[in-house]
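Data first, discussion second: the structure below is written as structure tokens.
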Amino acid sequence: EAQVTQNPRYLITVTGKKLTVTCSQNMNHEYMSWYRQDPGLGLRQIYYSMNVEVTDKGDVPEGYKVSRKEKRNFPLILESPSPNQTSLYFCASSSAPSGANVLTFGAGSRLTVL
Amino acid sequence: AQSVSQHNHHVILSEAASLELGCNYSYGGTVNLFWYVQYPGQHLQLLLKYFSGDPLVKGIKGFEAEFIKSKFSFNLRKPSVQWSDTAEYFCAVKRYGGSQGNLIFGKGTKLSVKP
């Protein structure tokens with residue numbers, strides 16, 4: 001089944017403890033992206049990647065890192081999480097970076113930073 | 001700056017009522033337009049999209065949307081809503097030819113349908 005898989009789905013952590021949210025897609029998509037969803041703010045893009053070793057900042061990149069060493073994986077790294085990073089995170093992928101392509105979303109990862 | 005505006009934060013309807021959710025965007029060039037739906041506790045799914053051609057597009061579950069270029073609008077409609085349509089709806093706009101880095105989402109409209 002074609003899908004985007006995120007882990008963990010739920011995580012409670014403490015300020016400053018590094019964490020990684022993994023994202024993997026099995027559709028051979030070139031494009032991958034991370035969004036955070038907060039009440040009243042909709043989805044805001046954190047980082048995106050148009051291909052292996054190609055990443056770029058979205059609208060709210062502060063406090064996050066990403067890497068794209070393999071086509072299928074696009075982990076989101078929080079080096080020193082803070083409470084304002086408590087949010088619902090979605091990974092998404094698309095078949096090509098240019099043109100009008102539909103995003104396939106993962107199920108979401110709910111992160112709480114105490 | 002490019003933006004997407006969804007006029008209603010929360011809409012409450014009774015079953016069988018008609019629905020129209022507004023979406024306006026600020027970019028003046030060629031765009032691709034999307035509506036995504038997020039059912040409670042689930043991830044976003046595509047409802048419908050407009051790339052080119054007939055400005056009236058039909059999506060899944062009886063939804064449709066009309067692209068009006070002169071008004072920079074892409075409103076979502078459904079003639080008769082059902083309780084199962086309770087969800088949050090997001091409009092998204094992408095500049096034609098740009099990377100998906102330019103896909104911008106509205107803040108969402110929460111739809112509650114009373115049985």
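In what follows, chains carry the letters A, B, and so on, assigned in the order in which the sequence lines appear, proteins first and then strands, with residues in each chain numbered from 1. Values in this document were obtained by computation on a predicted structure and should not be read as measured data.
Contacts between B:Q6 and chain A at a heavy-atom distance below 4.5 Å are absent for every atom of the residue. Both the backbone and the side chain of B:L44 come within less than 4.5 Å of a heavy atom in chain A. For a residue to count as touching a neighbouring chain, one of its non-hydrogen atoms must lie under 4.5 Å from one of that chain's; by this rule B:Q45 does not touch chain A.
Under a hydrophobic clustering in which Ile, Leu, Val, Met, Phe, Trp and Tyr are joined whenever their side-chain heavy atoms come within less than 4.5 Å, directly or via other members, A:I46 and A:M50 fall into different clusters. Under the 4.5 Å side-chain heavy-atom criterion for Ile, Leu, Val, Met, Phe, Trp and Tyr, A:M32 and B:I104 are members of distinct hydrophobic clusters.
Within 6.0 Å of atom CZ in B:R77, more than 12 heavy atoms from other residues, nucleotides or ligands are found, so the atom counts as buried in its surroundings. Around NZ of B:K110, the count of heavy atoms belonging to other residues, nucleotides or ligands within 6.0 Å does not exceed 12. Residue-environment remark: NZ (B:K107) stays at or below the threshold of 12 foreign heavy atoms within 6.0 Å. Within 6.0 Å of the CD1 atom in A:I12, the count of heavy atoms belonging to other residues, nucleotides or ligands does not exceed 12. More than 12 non-hydrogen atoms from other residues, nucleotides or ligands lie less than 6.0 angstrom from NE2 of B:H7.
Pairing each heavy atom of B:F105 with each of A:L43, the nearest pair is CB-O, 3.8 Å. For the pair B:Q38 and A:F90, the tightest heavy-atom approach, listed with the atom from each and the gap, is NE2-CZ, 3.2 Å.
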Could you go through the side-chain contact (heavy atoms from CB on, under 4.5 Å) check for A:L103 and B:F34 one step at a time?
-> CA-CA 10 Å; A:L103 290 171; B:F34 305 82; over 6 Å; no
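In this structure, A:V102 and B:Y36 have side chains that are in contact, with non-hydrogen atoms separated by less than 4.5 Å.
For the options A:Q37, A:R44, A:K57, heavy-atom pairs under 4.5 Å to chain B are most numerous at A:Q37.
We find the NZ-OG distance between B:K94 and A:S94 to be 8.0 Å, quoted to the nearest 0.5 Å.
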